[in-house]
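Please read the structure below before turning to the comments.
Just the heavy atoms: all of them, side chains too, but no hydrogens, waters or symmetry mates, feed the values below. Treat the numbers as computed from the prediction; the structure is a model and nothing was measured. Numbers restart at 1 for each chain; the letters A, B, ... are given by sequence-line order, proteins then strands.
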Number of protein chains: 2
Amino acid sequence: MASDQTRSAILAAAERLYADRGFGDVTLRDIVAEANVNLAAVNYHFGSKDELIAELFVTRSIQTNRERLNELKAAEEAGGGRASIEDIMRALVGPTLRGCLGPDREGSTAARFMIRASIESVPPIRRIKNREVDHLRKFAAAMRRAMPGRDDTELYWGLHFALAMAHHTIREKERLLRLSEGKCDLDDVRAIIDRVVTVSVMALTMGDAPSKPAARPVLVHGRLTRQDL
Amino acid sequence: MASDQTRSAILAAAERLYADRGFGDVTLRDIVAEANVNLAAVNYHFGSKDELIAELFVTRSIQTNRERLNELKAAEEAGGGRASIEDIMRALVGPTLRGCLGPDREGSTAARFMIRASIESVPPIRRIKNREVDHLRKFAAAMRRAMPGRDDTELYWGLHFALAMAHHTIREKERLLRLSEGKCDLDDVRAIIDRVVTVSVMALTMGDAPSKPAARPVLVHGRLTRQDL
DNA sequence: TTGCATTTCAAACATTTGTATGAAACTATC
DNA sequence: GATAGTTTCATACAAATGTTTGAAATGCAA
């Protein structure tokens with residue numbers, strides 16, 4: 001068998017098992033059984049279990065970051081070089097929410113893996129996450145361009161809260177579903193993204209209103225409209 | 001040694017070690033060493049390691065819930081039986097944020113333990129968290145009283161986002177600090193609570209404005225004032 | 001084919017870890 | 001102070017798990 005086949009069989013099996021059962025109770029033996037390869041293959045190809053997990057997470061992180069930046073770039077080009085704050089926030093939370101929620105989420109192993117990574121936060125992943133700040137700086141810069149003059153502190157808090165709402169929704173979707181007795185529709189990703197974006201922009205622009213009501217966020221793509229509010 | 005002394009020595013040592021080093025790499029042997037008791041004492045007094053962790057978490061959860069409900073009750077009494085939505089949100093996120101952030105947080109083992117519990121989410125704790133919904137229902141009820149006529153869905157989302165911002169701030173405070181290069185002051189708990197409450201109330205009351213600007217949240221206790229915005 | 005490097009494999013290793021055991025020490029009650 | 005119940009202790013157990021090893025198999029170039 002070609003070397004790459006074993007490698008990717010391990011990666012695929014590991015991602016699937018971790019996504020399904022969490023990092024806590026998936027052993028290397030489980031993984032190699034699922035991948036139909038020998039136990040020693042993991043250490044041969046990856047060095048250690050932790051490096052395997054790290055590779056999985058890095059791959060998926062890069063993917064997400066690329067999607068985010070693509071969306072940001074598209075918004076900037078559409079806006080003639082400068083994206084609106086709303087579109088920036090949408091680019092920030094959209095890819096993750098779309099990937100991890102929605103009715104077809106069961107089919108996406110990658111998304112479920114990233115949810116696990118967000119919930120369980122195992123050491124090798126935590127190490128990577130902690131140096132993930134550079135990517136966010138690009139968003140901070142775009143936000144600064146979109147809201148010149150606004151204090152940087154406010155900007156960071158807005159960015160922080162946007163991620164908070166997006167990630168918490170992914171992490172705790174079961175609980176929200178139970179608490180709301182199904183009233184909160186977690187399959188309508190469009191609406192959820194709009195909701196998170198709206199609140200984020202409100203947090204970022206608070207104080208601009210009420211004198212300038214035009215600055216208030218307006219929902220574009222979603223189902224929420226003024227009369228719902 | 002009296003039975004209770006051993007018991008509480010184990011509890012204290014376990015909480016301290018878990019808080020410092022996380023659930024991942026603290027063994028029962030570490031705990032009994034720290035507590036100066038015999039290894040078998042854990043199983044004798046608690047049955048198993050998981051039950052020890054569960055007891056730690058339940059104790060602290062009850063404590064937090066009590067603080068939240070006390071604050072809610074106080075607000076309701078001060079408001080003549082009905083608390084404002086702002087005070088309700090403040091009662092929801094205040095105790096946790098006060099406990100887990102702030103300059104004296106290093107001293108509070110309990111708070112650091114709860115942060116760990118929030119970050120690592122080990123099985124026995126996850127099991128408990130999943131049936132923790134009842135407590136939140138009381139807050140949902142209070143919110144319903146404060147905002148009669150508002151759609152329940154909106155209410156749950158507001159509750160959800162409030163917890164999102166609070167918990168994410170606790171979980172990711174290091175990252176926010178690094179991202180903002182220290183600009184976001186995570187020691188000023190007062191200001192953070194005000195910020196979370198303000199955004200939560202904005203999320204809950206969105207649509208009430210701009211026709212009724214009086215309905216916009218006004219910061220009371222904090223340092224943020226209108227001229228900052 | 002020969003020879004060399006890469007990859008696979010079964011088996012064993014070395015720890016770590018939670019738990020169980022049975023005797024000893026202790027405590028409190030009568 | 002004898003006895004029964006409780007608690008402590010040293011030690012052992014059993015299972016799991018990541019990692020290593022050295023040989024066998026495979027692929028590939030000369």
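- For the atom pair CZ (A:Arg90) and CD (A:Glu71), the distance works out to 8.0 Å, reported to the nearest 0.5 Å.
- Taking atom CG on A:Asp4 and atom P on D:dG27, their separation rounds to 14 Å, with Å as the unit.
- Remark: the backbone N or O of B:Leu11 is not paired with any side-chain donor or acceptor of B:Ser8 at under 3.5 angstrom.
- Atom-to-atom, CD of A:Gln5 to C1' of C:dT7 comes out at 12 Å; the value is rounded to the nearest Å.
- B:Thr198 OG1 to A:Met202 CE: the interatomic distance, rounded to the nearest 0.5 Å, is 11.0 Å.
- What separates OH of B:Tyr44 from P of D:dG5 is a distance of 13 Å, to the nearest Å.
- A donor-acceptor contact closer than 3.5 angstrom links the side chains of B:Ser48 and B:Glu51.
- Nucleotide C:dT19 holds its C1' atom 16 Å from the CZ atom of B:Phe46, rounded to whole Å.
- Scanning all heavy atoms of the two residues, the minimum distance from B:Leu101 to B:Val189 falls at C-CG2, 3.8 Å.
- Following rounding to the nearest Å, A:Arg7 (CZ) and C:dT6 (C1') show an atom-to-atom distance of 15 Å.
- Rounded to a whole Å, the CG atom of A:Leu52 is 15 Å from the C1' atom of D:dT17.
- No side-chain donor from either of A:Ser121 and B:Arg171 sits under 3.5 Å from a side-chain acceptor of the other.
- The side chain of A:Thr6 contributes an N or O atom lying less than 4.0 Å from OP1 or OP2 of C:dT8.
- Pairs of residues two or more places apart, or lying in two chains, that qualify as salt bridge (charged side-chain N to carboxylate O under 4.0 Å, His left out) and include a residue from residues 117-127 of chain A are A:Asp50-A:Arg127, A:Arg116-A:Glu120.
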So which protein N/O to nucleotides 20-23 of chain C N/O distances come out below 3.5 Å?
none

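- Closest heavy-atom contact between A:Asp30 and A:Asp25: OD2-O, 3.8 Å.
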* With ring pair (Phe, Tyr, Trp, His ring centres under 6.0 Å) as the test, would you mind laying out the steps for B:Phe113 and B:Phe23 before giving the verdict? => CA-CA 10 Å; B:Phe113 171 81; B:Phe23 297 97; 5.7 Å; yes

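- Residue B:His45 places at least one side-chain N or O under 4.0 Å from the OP1 or OP2 atom of D:dT8.
- Shown for residues 24-31 of chain B: residues whose heavy atoms fall under 4.0 angstrom of DNA chain C, namely B:Thr27, B:Leu28, B:Arg29.
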